[in-house]
Amino acid sequence: MDITFIGAGYVGLVSGIMMSHLGHNVTCIDTDQDKILALQLGMLPIYEPGLSEYLVSGLKSARLQFTSRYDQKLSSTSAIFITVGTPPLASGAADLSNIFAAIDQLRPWINQNCLIIIKSTVPPGTASQLIEYLAASNCQAQIASNPEFLREGSAVEDFLRPDRIVIGTNQLRSRHLLREIYAPLIADKIAVVSTDLQTSELIKYVSNAFLATKIAFINEMANLCEKIDADIEQVSKGVGLDSRISQKCLQAGPGFGGSCFPKDVMALSSLAQTHQVDCQIVTAVIRANQRRPADMVNKIQLILGGLNHRTLAVLGLTFKAGTDDLRSSPALEIIRLLQLQKARVIAYDPAGMTQAKQFIPGLEYASSALQACTGADALIITTEWPEFTKLDFRTIHDYLKSPIIIDLRNLLDADQLTKQGFQYHSIGRRYAL
Ligand code: UDX
């Protein structure tokens, strides 16, 4: 089937490339001509393990094309996925301007036989709003909702083996077409939730908000563990083994970041306020997570007895391991707060440095974790990159001015490091101050 993706950002690129792997003829349209040129040459603009091979094979099979032009070809496309960004407005509500701009660009080329599928995360009611918007200009194209649940760093796996496919439609024909598009996955017994437009749109927000709630909750329990000398890792294990809860999104850390959780919980809260529904839990999750970086800096300050003129090696800039994405990364907020307290920060990240140097010019960068530690008063782990578990801690012990490790991801081996003579601190465990 001929399918087009509008927006070759994180979601559009992963979904488009993987749809060509499923056997569809895919065209990805993006206005960023440099990005399109790089993709045509087989170069990915994002860091996503395993995706490059699918890009190359899609180009080789001629089932995958990239362009920055909207043209006549769109008239023969069966399905057009909208995968443009919907960033938060100042109010927290989703900014839909990119969605409407894409629809305006498409309008001259589409007809009633075309199905426009909103894959971007949008507030419930958006698809219905777009139907009216198109009808106002006598455009009879159909609209459907098909939110995505890909995680950065495991997007290929999440595409090929999703927990479910959510389809929101107001016409049986649209539902059948979407089931045809996902046929290879449905044949693999992937669950399908077929529902109406606004329910489909809401499933995405509720899913992300609930996952974010789990994270904010376990972080709050980590604070309690520190006061009563309990171990949050064991709490997480003992609680997560309940099949109704699961271990997922139950790892304490410096707070949730990324391009989705912070944005989506705010959008959900804004939606509730618009409809005068008192969603206190969602509001509490937002507040608790916004406070988390400052809580981490207070912990660091307490451990070091002050931050003024301290030199701190910070390992991890990205919002989580497995990605180069810095969006809403708690590490960056922690660094900003440390610098406000007159600490000198030297940062290293395995994948996020290029982006960081673009967006945070005032930060000192090391070429390795070891270099970051040289002469530092403490080593702080902010992102759970597996390579940080394999560092040469004996050498790091000698390079640090004082052998203090503050592990905000509970990533490292506490007993081992304590035996090696480090003053090891973490979160939610007796090793904390
Ligand atoms: C999330 C959703 O998981 C995905 O379904 C949706 O499509 C997009 O948003 P992503 O933002 O890529 O995916 O990352 P995720 O792995 O969910 O982590 C989000 C944040 O929560 C990261 O900052 C991560 O460090 C943090 N996190 C995650 C925790 O602090 N503890 C956990 O146990 C899990």
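Note that ligands are numbered from 1 as they come in the structure, with each ligand's atoms numbered from 1 the same way. Heavy atoms only: backbone and side chains are in, while hydrogens, waters and symmetry mates are out.
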Task: Partners meeting side-chain contact (heavy atoms from CB on, under 4.5 Å) with Pro49 (sequence neighbours left out) - done: Tyr47

TODO: Could you check Lys214, Glu233, Glu384 and say which one makes a side chain to side chain donor-acceptor pair (under 3.5 Å) with Gln251?
DONE: Glu233

Task: Identified salt bridge (Lys or Arg N to Asp or Glu O under 4.0 Å) counterpart of Glu148 within the set Arg164, Lys119, Lys204 - done: Lys204

TODO: Non-hydrogen atoms closer than 4.0 Å to ligand 1: which protein residues do they belong to? List them by chain and number, please.
DONE: Glu148, Phe149, Leu150, Arg151, Glu152, Lys204, Asn208, Ile215, Cys249, Leu250, Gln251, Phe256, Gly257, Cys260, Phe261, Phe319, Lys320, Arg409

Open item on the list: Would you say Asp104 and Tyr133 are linked by a side-chain donor-acceptor pair, where the criterion is simply a distance under 3.5 Å?
Closed with: yes

Open item on the list: Suppose we screen for side-chain hydrogen bond (donor to acceptor under 3.5 Å, both in side chains). Which residues come up paired with Thr374, at least two apart in sequence or across chains?
Closed with: none

Task: Where at least one partner belongs to residues 4-13, residue pairs that pass side chain to side chain donor-acceptor pair (under 3.5 Å), sequence neighbours excluded - done: Thr4-Thr77, Tyr10-Glu48

